[in-house]
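Owing to the predicted nature of the structure, the values given are computational and were not obtained by experimental measurement. Proteins get letters first, then strands, A, B, ... in listed order; numbering begins at 1 in each.
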Amino acid sequence: MSRIRKNYENSFAHRFLVFVKGDKPLPEEDHVEEWKHRVAEVKETERAENASYLELAETDPYEDAKRFAKMSDMRVFRRIYYVLAMLMCLMIIGMLIMNVAYMPAFGSEDTPTNNEVAERYLEKGSEETGVVNTVTGMILQYRAFDTFGETNVLFVAACSVMILLFYKTEPEADGTEKRKRKKKAAARHNDEAVAQAEAAAETPDGSVTAPSCAWPQGMQEKETEPERDIILQNVARVVVPMIFLFGLYILLNGHLSPGGGFSGGAVIGAGLILYNAAFGFRATRRFFDEKVYDIIKVGSLCLYALIIAYYLFTGANGIASIVPLGKLGAIISSGLILPINLLVGLEVACTMYAFYALFRRGTF
Amino acid sequence: MEWVRFIIGSLCIVCGLLIALIAAFGLFKFRFALNRMHAAAMTDTLGILMVLLGLIIMRGFCFDSLKLALIILFFWFASPVSSHLLAGMEVEISDRLKDNCDVEETERKGGVQ
Amino acid sequence: MTIPAVSGYFFGSAIIVIILIMFACLLRAIRGPEIADRIVAVNMLGTLTIMVICILSLWQNESYLLDVALIYAMISFLAVVVLTRVYLGVHREHLMNRKNREYFAEYADGDAASVAADAAAAVSGTDNAENASAAAPAGKGGDV
């Protein structure tokens, strides 16, 4: 057991630890009265939580952890734990660095990656696929099936998120009268809050929030949503088209410079998210809702599958592809790589925006 | 001529690095988030202007320097807006606000308080 | 001494200085007592990273790195916007839920007496345990 110095609280190490963690100094030991008060408080809040059905809204999610951290028996154990964790990390770092010493030098000739496959890609790549950027030629032509699998993974991820978030629990059958009454009270209370908020929002100055009756049933915007910011809106009007243009540039230049479907799609999705953060879900739903999402996502995936099928068919039967490769270095060249890039970009942009919207609001 | 361009550009870059250093000092010197934001926003506008201007001068006029100018322009659009949003959030959620600055009581409209 | 040799040394030292500043920002991002401090520090980290990328692109003569820098600028702006919006929304929802719960606590009928009894029992129950754990540090002091 490690011995603790008498004036450890004043020592440099302790003060440095507190500085790094950024919290207040540890509490004194003799605060028994405060402890009792805290326990009573915790009990009361627990009771209140049982009384209400809003279990999600904890007062302090770290209550238990804080209580555990204050137990004085645990302090020595925690210190040993810290030391052991640090030792483990240092050991792993040392092992990894020792491994690095045994690796071949960067760019040396006898590395195992310098084999005939890389040679073939580098020598014949641009004349066989018509791309300048060899990486794009590899992932979209030689290994197009692999990339198709990755796109499918995105599709399945979005689908599973939607399944999990759209799953609605049935109202409990054994709900007693008390619970029902409370729900009714909650509804009344929330209505009051909404009415107050709307009354406050209809003041003549500033942006007026639209009345919630314009929404489809059960799709109202949350009343806790931050109000629209006019400065952000004005900047978004300038910046969002720029972001879309840049994303298109990356998409269309995928076979000429680094970039391509995944990064360009991510940039376009970021533009959609920025538009949404500035103008809200009402404005975004005018051009992007469930129908558009379904059409774009499923359509682009099916077209992609068609192209892959064409490649597989021609490759397996030894037929030369009839799609012309075009001039090396031009925008419209390299056969079917440009449409594949566009389709992958659409897929990725839809998935990014869908994740944002689903986790933020639950629907589009 | 090449040397003159290189020296002017490197002086600009050194200025930008000094500004970033001052901003990092301000992050530790000030005690409250709004003051820290004041220091850090200096890097986003003046610091990036000086560094990228130095790079543009070194590079000469071509497509790359146009892209660098586009980055500066984007930062000048984006940084004040993000500072504005951040300050709005801090004013609303902070419970140390009244200890650190004079607050004028006004009616807050909309939302739940 | 040619310009490429000198510029290599210059760019290298500039990148080292920027990385030192980045470590300072990282310390503030870890420490920052409030969420706004952290967001400010992370935003400044992003700006410094863009500086590094631009300097690298000139040093290595690779113009595609500038595209990366532009995307990075967009993403860091977007991160601040979305973080502030989402955090504000979550904060307001939290406040509203707390308000609702207080309302329920008032509304809960009947068992106020049992609440009080339970609280008293809790206090007396933890009394012994607290005494025991309060005695422990005293023993530790003697050990030292």
Open item on the list: In the structure I gave you, are the side-chain heavy atoms of C/V6 and B/W3 within less than 4.5 Å of one another anywhere?
Closed with: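 They are in contact (side-chain heavy atoms under 4.5 Å apart), so the answer is yes.
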Considering only heavy atoms and a distance below 4.5 Å, find which of [options] pairs most often with chain C.
options	result
B/I48, B/L68, B/L52, B/I93	B/I93
B/R36, B/R59, B/E2	B/R36
B/A23, B/G54, B/S10	B/S10
B/C62, B/G16, B/A20	B/A20

Open item on the list: Just checking B/R5: does its CZ atom have more than 12 heavy atoms from other residues, nucleotides or ligands closer to it than 6.0 angstrom?
Closed with: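 More than 12 within 6.0 Å, yes.
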TODO: Inspect the surroundings of NE2 in B/H38 and state if more than 12 heavy atoms from other residues, nucleotides or ligands are less than 6.0 Å away.
DONE: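 It does not: B/H38 NE2 has 12 such atoms or fewer within range.
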Can you tell me how far apart [atom1] ([X]) and [atom2] ([Y]) are? Round to the nearest 0.5 Å.
X	Y	atom1	atom2	answer
B/I7	C/F10	CD1	CZ	11.0 Å
B/T43	C/I50	OG1	CD1	11.5 Å
C/H91	B/M89	NE2	CE	9.5 Å
C/R28	B/F30	CZ	CZ	12.0 Å
B/M37	C/I39	CE	CD1	8.5 Å
C/D67	B/L70	CG	CG	10.0 Å

What residue in [options] has the most heavy-atom pairs under 4.5 Å with chain B?
options	result
C/R85, C/M74, C/E34	C/E34
C/A69, C/S76, C/S57, C/A24	C/A24
C/L48, C/N43, C/L78, C/I35	C/N43

Task: Part of B/F25 within contact of chain C (heavy atom distance under 4.5 Å) - done: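 It is neither, since no heavy atom gets under 4.5 Å.
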Open item on the list: Using every non-hydrogen atom in the two residues, find where B/A40 and C/M44 come nearest and quote the distance to one decimal.
Closed with: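 So the minimum-distance heavy-atom pair works out to CB-SD, 3.9 Å.
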TODO: List the atom of C/I21, the atom of B/A24, and the distance in Å for their closest heavy-atom pair.
DONE: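 Closest approach of C/I21 to B/A24, heavy atoms only: CG2-CB, 3.6 Å.
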Under 4.5 Å from a heavy atom of chain B, the part of [X] involved:
X	answer
C/M22	neither
C/V17	side chain
C/L58	side chain
C/V80	side chain
C/I55	both
C/S13	neither

- [ ] Sort out for me which residue in B/V51, B/D64, B/I56, B/I71 forms a side-chain contact (heavy atoms from CB on, under 4.5 Å) with C/C54.
- [x]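 Among B/V51, B/D64, B/I56, B/I71, the one that satisfies the side-chain contact (heavy atoms from CB on, under 4.5 Å) with C/C54 is B/I71.
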TODO: Check the pair C/F11, B/L55 against side-chain contact (heavy atoms from CB on, under 4.5 Å), reporting the backbone distance first and the verdict last.
DONE: CA-CA 10 Å; C/F11 287 149; B/L55 291 177; 4.2 Å; yes
Task: Steps toward side-chain contact (heavy atoms from CB on, under 4.5 Å) verdict (C/S7, B/M58) - done: CA-CA 10 Å; C/S7 68; B/M58 279 188 188; 5.8 Å; no
TODO: For residues 43-61 of chain C, pull every pair meeting salt bridge (charged side-chain N to carboxylate O under 4.0 Å, His left out), keeping only residues two or more places apart or in separate chains.
DONE: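 The answer is none; no pair qualifies.
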